[in-house]
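No hydrogens, no waters, no symmetry mates; every other heavy atom, side chains included, goes into these values. So that the names make sense, note that chain A is the first sequence line, chain B the second, and so on, each numbered from 1.
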2 protein chains.
Amino acid sequence: MVNVTSTEPVDSPATGCPIAPVVDIVFSRWTTPILWQLNSHGRHRFNDLRDLVGGITAKVLTQRLRQLERDGLVTRTMHAEIPPRVEYEITDLGRSLAPVFAALVSWSDEHLRDVGDARASYDRSGKPQT
Amino acid sequence: MVNVTSTEPVDSPATGCPIAPVVDIVFSRWTTPILWQLNSHGRHRFNDLRDLVGGITAKVLTQRLRQLERDGLVTRTMHAEIPPRVEYEITDLGRSLAPVFAALVSWSDEHLRDVGDARASYDRSGKPQT
DNA sequence: CCGTATCCTTTGCGATACTG
DNA sequence: CAGTATCGCAAAGGATACGG
């Protein structure tokens, strides 16, 4: 979490990096897959979303959803029924991240293999010399 | 860190989210400001980079630079002098992230204020009801 | 100068049990 | 169903001291 509005210096990895705030907002752990699912498959109930994301516990999913709701990227709708039904949906602000995600998909398609190659090469012989 | 090459399921926030691997690579803590500095201001020595990034300790900077080097995003050049001189530079692969960063800058310009507003609104009255 | 080693605190997360 | 409460561990990160 970071101070989004002020121009004061922050302790986070920010100084001189203009995209540090948005990185904090969008790329915290689990937030990307959550937003991705809500963006591609519409509105979802809590447990459905939990299954879609996969591997996340209820506690952490709740934490992340609360954060995303506070940041205006996701809405939470409570239906007063028994048993209770809660639905989460991405907002227009959340959908506005589409170009960012598209850029990442594009980069993955073009360059992810290069990273794998670099790692293999590094692990074989490239270790840093003193 | 994530298994980049295989198609096997991973435990990370990945299942069904195609950009999970690149998020792991590029948006780990401190990596974005490091890449940003190396991308905007060229080659740098270790301590210069440390000052440019700001707030990062030598230990953590070393860890992140090793990771970036292994992933092929940064090069490390040792000059055998006394005192020693080590220079870090972004690679072509690292520079290929430019469109991603550009998309993030653009989104910040257009929507970061909305997040601040959403937070203020949420903290005032929007807390989740049971 | 460029790290590494060590210690220690903090943070995050999983597991489990429980509630409206 | 959709969480919350509590516990406990494990990893990440800071501070400091030291080494090639």
Provide a list of protein-nucleic acid N or O atom pairs under 3.5 angstrom, restricted to nucleotides 4-12 of chain C.
| from | atom 1 | to | atom 2 | distance (Å) |
| --- | --- | --- | --- | --- |
| C/dT4 | OP1 | B/R66 | NH2 | 3.3 |

Round to the nearest Å and state the distance from [X] atom [atom1] to [N] atom [atom2].
| X | N | atom1 | atom2 | value |
| --- | --- | --- | --- | --- |
| A/L61 | C/dG14 | CG | P | 11 Å |
| B/I82 | C/dG3 | CD1 | C1' | 15 Å |
| B/M78 | C/dC2 | CE | P | 10 Å |
| B/N47 | C/dG3 | CG | C1' | 9 Å |
| B/W30 | D/dG13 | CH2 | P | 9 Å |
| A/F46 | C/dG20 | CZ | C1' | 15 Å |
| A/R45 | D/dG3 | CZ | P | 10 Å |
| B/L49 | C/dC1 | CG | P | 15 Å |

[N] phosphate, OP1 or OP2, under 4.0 Å from [X] side-chain N/O:
| X | N | answer |
| --- | --- | --- |
| A/R50 | D/dC1 | no |
| A/R85 | D/dA2 | no |
| A/Y88 | D/dC1 | no |

Listed nucleotide nearest any side-chain atom of B/P83, set D/dG3, C/dC1, D/dC1: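 My answer, after comparing the listed nucleotides, is C/dC1.
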Which atoms form the tightest heavy-atom contact between [X] and [Y], and what is the distance?
| X | Y | result |
| --- | --- | --- |
| A/T75 | A/T91 | CG2-CG2, 3.4 Å |
| A/L112 | B/P21 | CD2-CB, 4.0 Å |
| B/Q37 | B/L52 | NE2-O, 3.7 Å |

Flag for B/R66-B/Q63: side-chain donor and acceptor within less than 3.5 Å: no
Main-chain N/O of B/I56 paired to B/R50 side chain as donor or acceptor, under 3.5 Å: yes
B/D48/B/R45 ion pair, N-O < 4.0 Å: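 B/R45 and B/D48: not salt-bridged.
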Position toward the 5' end of DNA chain C (nearest nucleotide), A/T57 or B/E87: B/E87
Sole candidate of B/R76, B/R95, B/R43 that passes salt bridge (Lys or Arg N to Asp or Glu O under 4.0 Å) when paired with B/E89: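 Only one option passes, and that is B/R43.
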